[in-house]
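So the structure is just underneath, and the comments pick up after that.
Chain letters run A, B, ... following the sequence lines, proteins first and then strands; every chain starts at 1.
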Amino acid sequence: MAETVETGREGAGARLAGADMTASDVHAWFVREVLPLEAALMQFLRHSLRNKNEAEDLCQDVYVRVYQAALKKIPDPAKPFLFTVARNLLLNRVRHEAIVSIEAVADLEALNIAKDEPGADRWVIAREELRLLETALSRLPRRCRQAVILRKIEGLSHREIALRMGISEKTVDRHISDGVNALADALFGEGRSR
Amino acid sequence: MSDRTAKEVRAQAAEWISRRDGEGWNEAAQADLDAWLAKSDAHVVAFLRAEAAWSRADKLVALKPQSSRRIAETLKDVLPTALRAVAAAVVIAVVGVAANTYLATSNEKTYTTPVGGRETITLVDGSQIALNTDTVLRMDLSGRDRKVWLDRGEAYFHVTHNAQRPFRVFAGNRTVTDLGTRFSVRRDSERFEVAVMEGKVAFDPGKEQEKPIALLPGDVAIATATKVSVTKKPSRALAESLGWQRGLLIFDNTTLADAAAEFNRYNSQKLVVDRTAARLPVVGTFRSNDVEAFARVTKEVFGLRSEKRGQSIVIAR
């Protein structure tokens, strides 16, 4: 695809709807190459940030920048680019903080950890993934877990789940969306690092 | 940078995925979704992430038990049963080669990890036990009680609670009984420690007159030959103490001497800290198997000397 892609906000919806091949290429690339790096990225961010709670937000910022860059040209390989973006965002932040902690000194070490850890950037093999999913499932609140089991394991529709559980479809939607959230963290984020 | 936190945006993305997954989805809803996505690239990346996770969760179907009668039962009694079935299926489908070991419940099994090693065991009831470095643990699931003996080392337990089948951890004359929980137990030569992350455990220090102590989340009980003490730790500190499950040692104002002692549990190359440097405070996260990186960082930060002597690294001012 040689055409340049406009990166204006307007385009995003149309691109996601599949009107533009290049955009869906970028989406597939993002899912395939970037998301598997999340565990390593989060580890790096948590290690480097004084306030660990900011890691999630920063991760999201890194994603947005990497995604926007990819719409112009897909960075290959993805990993060094992702970590360069992360480091630049961190440095920006450090410049605004007066304190330099011993953790900041250890950052270079951390970057090596994150970059060199064998296998950290690969999709876990199938059984490992199933284990992650199962663990994530077992940690969901009871009703939420039940809804996800009925949907994904038993293949019931939201309406059937509502009937089965004696709750409204709206509540089923809410249980499922909580489940989506928890499963995403388990597959890409915290759950993956061990 | 982002006007909304990642958490909020991700929650919204998950809501869209859930709505699209339901029956009410139509063109108007799709148009609303497109409009939401067009508003911000942050929305797009969060959506891609949630979408990928939800579609990968299709793999969960592998946990479906074979017999349809069992499915019906599973659904009727909802969770305890469902999870048991799920856990059993996981063990059968997933563990493969090691299945014999994990499924055998008739007698005692011994699990060991070498210095620097770690291992996770999944039991048929869905409980998980993670063994840290240099640990010996025995297990007998054949009786009514689920019994585990920690002969040496450290283990983290995530127990599927079952009032009919108490889960007990024995360490010498001490006993920890699970009452629905995540907790860790560590046994060194002279010291025994129980930390509770979630739920509740009963800790019996094994002394004649003393009654078992109930431990709640955040409680850390430390027992030596002569006394037992219980302290409260913030959840962050507890989480950090479990960094070993990811191969990490996390220090937050730990003295250099204590940090070195931690490293020495994981490595054959031992750190020796001179008295002059013993009390320096260490903050940071390190790979438990990378002693040299740790020595290098402390050297740079505190301006210390470090010197290799045989199998040891000596750190001094």
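Most heavy-atom pairs under 4.5 Å with chain A, from the set B/Arg19, B/Glu23, B/Glu15: that is B/Glu23. Counting heavy-atom pairs closer than 4.5 Å to chain B, the top-ranked of the candidates A/His175, A/Met165, A/Lys170, A/Arg139 is A/Arg139. With chain A as the partner, the residue from B/Leu242, B/Asp21, B/Val9, B/Ile250 showing the most heavy-atom pairs under 4.5 Å is B/Asp21. Ranked by non-hydrogen atom pairs under 4.5 Å with chain B, the options A/Arg151, A/Arg174, A/Glu169 are led by A/Arg151.
For the pair B/Asp41 and A/Gln68, the tightest heavy-atom approach, listed with the atom from each and the gap, is OD2-NE2, 2.8 Å. Of all heavy-atom pairs spanning A/Leu183 and B/Ala57, the tightest one is CD1-CB, 3.8 Å. Scanning all heavy atoms of the two residues, the minimum distance from B/Val44 to A/Tyr67 falls at CG1-OH, 3.4 Å. Scanning all heavy atoms of the two residues, the minimum distance from B/Ala42 to A/Gln60 falls at O-NE2, 3.0 Å. Heavy atoms only, all atoms of each residue included: A/Glu134 and B/Leu60 are closest at N-CD2, 4.4 Å. Among all heavy-atom pairs drawn from A/Val31 and B/Leu48, the shortest one is CG2-O, 4.2 Å.
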For the pair B/Lys7 and A/Asp185, evaluate salt bridge (Lys or Arg N to Asp or Glu O under 4.0 Å) and give the outcome as yes or no after the intermediate values.
CA-CA 11 Å; B/Lys7 235 183 206 41; A/Asp185 282 344; over 6 Å; no
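One distance of note links CG of B/Asp58 with CG of A/Leu133; it measures 10.0 Å at 0.5 Å rounding. Here the straight-line distance linking atom OG1 of B/Thr285 with atom CZ of A/Arg46 works out to 10.5 Å at 0.5 Å rounding. Remark: A/Asn53 CG to B/Arg236 CZ distance equals 8.5 Å, nearest 0.5 Å. With values rounded to the nearest 0.5 angstrom, A/Ser177 atom OG is found 14.0 Å from B/Arg20 atom CZ.
Within the 4.5 Å cutoff, the side chain of A/Val180 has no heavy atoms near those of the B/Glu51 side chain. Side-chain contact between A/Phe188 and B/Arg56 is present, with at least one heavy-atom pair separated by less than 4.5 Å. Under the 4.5 Å side-chain criterion, counting only non-hydrogen atoms from C-beta, A/Glu38 is in contact with B/Arg49.
Between the A/Lys152 side chain and the B/Trp54 main chain, a donor and an acceptor come within less than 3.5 Å of each other. At distances below 3.5 Å, at least one donor-acceptor pair connects side-chain atoms of B/Ser18 with backbone N or O atoms of A/Asp173. No donor-acceptor distance shorter than 3.5 angstrom exists from the side chain of A/Asn181 to the backbone of B/Ala14, with no hydrogens or angles considered.
When heavy atoms are compared at a cutoff of 4.5 Å, A/Phe30 approaches chain B solely by way of its side chain, counted from C-beta outward.
Listed by chain and residue number, nothing satisfies the ring-ring contact (aromatic ring centres under 6.0 Å, His included) test with A/His158 (two or more places apart in sequence, or in another chain).
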